[in-house]
Peer 1: 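The structure under discussion is supplied below as C-alpha cells; questions concerning it will follow.
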Amino acid sequence: MDPNQIVGTGVDAFNSLPKSTQEALLNPAANTLGKALDGAVTVVCSPLLVLGILSKALLHKFSTEINQKINGIPQKNRDTSKLGLVVKAMEEARYQLNEDDIRKMYVSLISSTVDNRKNNVVNPRLATVVAQFGPDEAKLLKLLYQQDGQQLPYGQLRLDLGNGFGYTFPTKIAIDSNSKIVNSFNSSLDILVSLGIANDKQSNKLAQSDDEYATIEKILRATINKPSEYEDNTCNLVNSYINLTNFGYDLCKCIFE
C-alpha cells in the first residue's frame with residue numbers, strides 16, 4: 001500500500017511515527033502488525049507519559065489489549081486502508097485509558113478499523129463520539145446494545161393538574177431484558193441522544209412490554225410522593241422507550257464485538 005493513500009484525519013500523527021512502524025502498519029499480512037501498533041501507541045501517548053498523566057503500566061495494558069485483539073483477526077481480513085483513523089482513535093483514547101470500559105471500547109474500535117469485515121462503517125466520527133463518553137454513558141450504551149432489538153422500555157409518572165396541564169416527574173425507571181431495574185440514567189440518555197446514538201421515544205409504548213411497564217409504574221408509585229396540595233390529582237404512567245439509531249448500531253458493532 002502506498003503511504004500517500006493515508007489521508008484524512010490522523011495523517012499527521014501517522015507521518016510522525018518511525019519509518020519502521022509505518023512500514024509494518026502498511027503491511028496488512030504482516031505478523032508484526034500488533035507490534036507495529038504497539039509502537040504507534042507509544043508515539044501517540046508519549047507526551048502524556050512524559051507529563052506523568054499516564055503510567056507505563058497503563059500504557060502497556062492498552063498496548064497488550066490491542067495486540068490481543070489484533071491477533072484475533074485472520075491474516076486475510078487485515079486491512080490497513082484506514083490507518084489515519086487508527087491513529088485518531090489512539091489520540092482520543094489516551095485521555096481516558098484509566099477508564100476500563102472506555103479503554104476497551106477504543107481497543108475494539110482500533111481492531112475494527114483494521115478488520116475488513118467491519119471497517120466499512122468506520123469513520124472519523126466514531127472515535128470522536130466515544131471521546132465524549134463517561135463511564136455512565138458507556139454502561140448505558142452497552143446495556144442498550146444487549147437488549148432484544150436494541151430497545152429498552154422506561155416510564156415516568158405524570159401528574160394531571162386538569163385543563164390540559166400537568167407535571168411529569170423527572171425520575172425515569174427502565175427494565176432490561178433480564179428484568180433488572182435501571183435508573184439514574186437521565187443525563188446519560190441525554191448525551192447519547194445528542195450524539196445521534198440513541199432515540200428517546202417519549203410517550204411511545206414499546207410493543208409486548210406490558211408487564212415491564214406495569215412493574216415500572218408500581219415502582220414509581222412507591223417511590224414518588226405527590227406534593228400535598230395535589231394529593232387528589234391523578235398520576236398516570238407515561239410509557240416510553242429508548243432505541244439505537246442506525247449510527248448507534250454501527251458504532252456498537254465496532255466497540256463491543
Peer 1: Do Y95 and I53 have side-chain heavy atoms sitting under 4.5 Å apart?
Peer 2: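 When only atoms from C-beta onward are counted, I53 and Y95 do not touch, as no gap falls below 4.5 Å.
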
Peer 1: CZ/R94 to OH/Y106 distance, rounded to the nearest 0.5 angstrom?
Peer 2: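 Reported to 0.5 Å precision, the distance equals 11.0 Å.
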
Peer 1: Which pair of non-hydrogen atoms, one from L58 and one from S55, has the smallest distance, and what is that distance?
Peer 2: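 That closest heavy-atom pairing would be N-OG, 3.1 Å.
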
Peer 1: Between E65 and R103, does at least one N-O distance fall below 4.0 Å, as a salt bridge requires?
Peer 2: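 A salt bridge links E65 with R103.
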
Peer 1: Is there a donor-acceptor pair under 3.5 Å between the side chain of K172 and the backbone N or O of F185?
Peer 2: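 Not confirmed, K172 side chain does not pair with F185 backbone.
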
Peer 1: Do side-chain atoms of D176 reach the backbone of N178 as a donor and acceptor pair under 3.5 angstrom?
Peer 2: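 Confirmed, D176 side chain pairs with N178 backbone.
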
Peer 1: Between D160 and N233, is any side-chain donor less than 3.5 angstrom from a side-chain acceptor?
Peer 2: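 No donor-acceptor contact under 3.5 Å links the two side chains.
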
Peer 1: Enter the distance from I216:CD1 to N239:CG here, rounded to the nearest 0.5 Å.
Peer 2: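 If we round to the nearest 0.5 Å, I216:CD1 and N239:CG are 8.0 Å apart.
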
Peer 1: Verify the neighbour count for atom CD of E257: are there more than 12 heavy atoms of other residues, nucleotides or ligands below 6.0 Å?
Peer 2: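 Enclosed: over 12 neighbouring heavy atoms sit under 6.0 Å from CD of E257.
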
Peer 1: Do D100 and K61 have side-chain heavy atoms sitting under 4.5 Å apart?
Peer 2: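 Of all side-chain heavy-atom pairs linking K61 with D100, at least one is under 4.5 Å.
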
Peer 1: Looking only at heavy atoms, which two atoms of I175 and S179 are closest? And how far apart?
Peer 2: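 What the structure gives for the nearest pair is CG2-CA, 3.7 Å.
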
Peer 1: Under 4.5 Å between any side-chain heavy atoms of K69 and I110, yes or no?
Peer 2: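 Result no, sub-4.5 Å side-chain heavy-atom pair not found.
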
Peer 1: Evaluate side chain to side chain contact (heavy atoms under 4.5 Å, CB included) for D136 paired with S187, printing each intermediate quantity in order.
Peer 2: CA-CA 9 Å; D136 290 341; S187 295; over 6 Å; no

Peer 1: Determine, for D210 against K205, whether the closest basic-nitrogen to carboxylate-oxygen distance falls under 4.0 angstrom.
Peer 2: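 K205 and D210: salt-bridged.
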
Peer 1: Check C254 against L126 and note the closest heavy-atom contact, atom names and distance.
Peer 2: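 Looking at all heavy atoms of both residues, the shortest contact is SG-CD1, 4.2 Å.
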
Peer 1: Look only at the side chain of S240 and the backbone of S203, and say whether a donor-acceptor pair between them is shorter than 3.5 Å.
Peer 2: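 Yes, because the side chain of S240 sits within donor-acceptor range (under 3.5 Å) of the backbone of S203.
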
Peer 1: Answer whether the closest heavy-atom distance between the side chains of L157 and R221 falls below 4.5 Å.
Peer 2: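 The answer is yes; the side chains approach within 4.5 Å.
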
Peer 1: Hey, could you give me the CG/OH distance between L189 and Y154, rounded to the nearest 0.5 Å?
Peer 2: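 Reported to 0.5 Å precision, the distance equals 6.0 Å.
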
Peer 1: Does A131 offer a backbone N or O that forms a donor-acceptor pair with the side chain of Q96 under 3.5 Å?
Peer 2: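 Confirmed, Q96 side chain pairs with A131 backbone.
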
Peer 1: Please tell me if the side chains of S188 and I191 come closer than 4.5 Å, counting only heavy atoms from C-beta onward.
Peer 2: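 They are not in contact (no side-chain heavy atoms under 4.5 Å apart), so the answer is no.
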
Peer 1: For L54 versus C45, what's the shortest heavy-atom pair and its separation?
Peer 2: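 Looks like CD1-CB, 3.8 Å.
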
Peer 1: Just wondering, more than 12 heavy atoms not from N246 lying within 6.0 Å of its CG?
Peer 2: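 Check fails, neighbour count at 12 or below.
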
Peer 1: Walk me through it: do N243 and K201 pass the test side chain to side chain contact (heavy atoms under 4.5 Å, CB included)?
Peer 2: CA-CA 8 Å; N243 70 335; K201 297 290 189 178; 4.1 Å; yes

Peer 1: May I ask you to check whether T128 and K88 show a side-chain donor-acceptor distance below 3.5 Å?
Peer 2: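 Side chains of T128 and K88: pair found under 3.5 Å.
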
Peer 1: For R117 and I73: C-alpha separation, side-chain torsions, deciding distance, then whether side chain to side chain contact (heavy atoms under 4.5 Å, CB included) applies.
Peer 2: CA-CA 10 Å; R117 296 167 297 180; I73 303 174; 4.2 Å; yes

Peer 1: May I ask you to test the V182-I173 pair for a side-chain heavy-atom distance under 4.5 Å?
Peer 2: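 A side-chain contact is absent here, since even the closest heavy-atom pair is not under 4.5 Å.
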
Peer 1: In this structure, is the centre-to-centre distance between the rings of Y249 and F247 below 6.0 Å?
Peer 2: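 No, they do not, as the ring centres are separated by 6.0 Å or more.
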
Peer 1: Looking only at heavy atoms, what is the nearest atom pair of F169 and Q156, with distance?
Peer 2: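 In terms of heavy atoms, the two residues are closest at O-NE2, 3.0 Å.
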
Peer 1: Check the surroundings of atom NZ in K226: do more than 12 heavy atoms from other residues, nucleotides or ligands lie under 6.0 Å from it?
Peer 2: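 For K226, atom NZ is crowded (more than 12 foreign heavy atoms under 6.0 Å).
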
Peer 1: Any sub-3.5 Å donor-acceptor pair from R78's side-chain atoms to V114's backbone N or O?
Peer 2: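 Side chain of R78 to backbone of V114, a donor-acceptor pair under 3.5 Å: no, none is there.
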
Peer 1: Could you state the interatomic distance from CD1 (I102) to CD (E137), rounded to the nearest 0.5 Å?
Peer 2: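 Going from the CD1 atom of I102 to the CD atom of E137 covers 7.5 Å.
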
Peer 1: When you measure from the side chain of T245 to the backbone N and O of G196, does any donor-acceptor pair fall under 3.5 Å?
Peer 2: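 Side chain of T245 to backbone of G196: a pair is present.
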
Peer 1: Considering non-hydrogen atoms only, spot the tightest contact between L159 and C235 and give its length.
Peer 2: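 Where L159 meets C235 most closely, the heavy atoms are CD1-SG, 3.7 Å.
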
Peer 1: Check whether any side-chain N or O of N204 sits under 3.5 Å from a backbone N or O of Q202 as a donor-acceptor pair, and report yes or no.
Peer 2: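 The answer is yes, because a donor-acceptor pair under 3.5 Å joins these two groups.
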
Peer 1: Side chains of D101 and K139: does their closest heavy-atom pair fall under 4.5 Å?
Peer 2: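 Side chain of D101 against side chain of K139, heavy atoms only: contact under 4.5 Å found.
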
Peer 1: Just verifying a value: how many Å separate N199 CG and Y241 OH, rounded to the nearest 0.5 Å?
Peer 2: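 Between N199 CG and Y241 OH, I get 8.0 Å after rounding to 0.5 Å.
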
Peer 1: Distance check, rounded to the nearest 0.5 Å: N119 atom CG versus D115 atom CG?
Peer 2: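 CG of D115 is found 7.0 Å from CG of N119.
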
Peer 1: State, with a plain yes or no, whether a side-chain heavy atom of Q146 is found less than 4.5 Å away from one of F256.
Peer 2: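 No - every pair of side-chain heavy atoms lies 4.5 Å or more apart.
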
Peer 1: Using the test side-chain hydrogen bond (donor to acceptor under 3.5 Å, both in side chains), find all partners of S177 that sit at least two apart in sequence or belong to another chain.
Peer 2: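 Once residues adjacent in sequence are excluded, the partners of S177 under the side-chain hydrogen bond (donor to acceptor under 3.5 Å, both in side chains) criterion are Q147.
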
Peer 1: Would you check if the side chain of S108 reaches a backbone N or O of K104 as a donor-acceptor pair within less than 3.5 Å?
Peer 2: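 Checked: pair present.
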
Peer 1: List the steps and the verdict of side chain to side chain contact (heavy atoms under 4.5 Å, CB included) for Y145 and L251.
Peer 2: CA-CA 10 Å; Y145 184 57; L251 172 65; over 6 Å; no

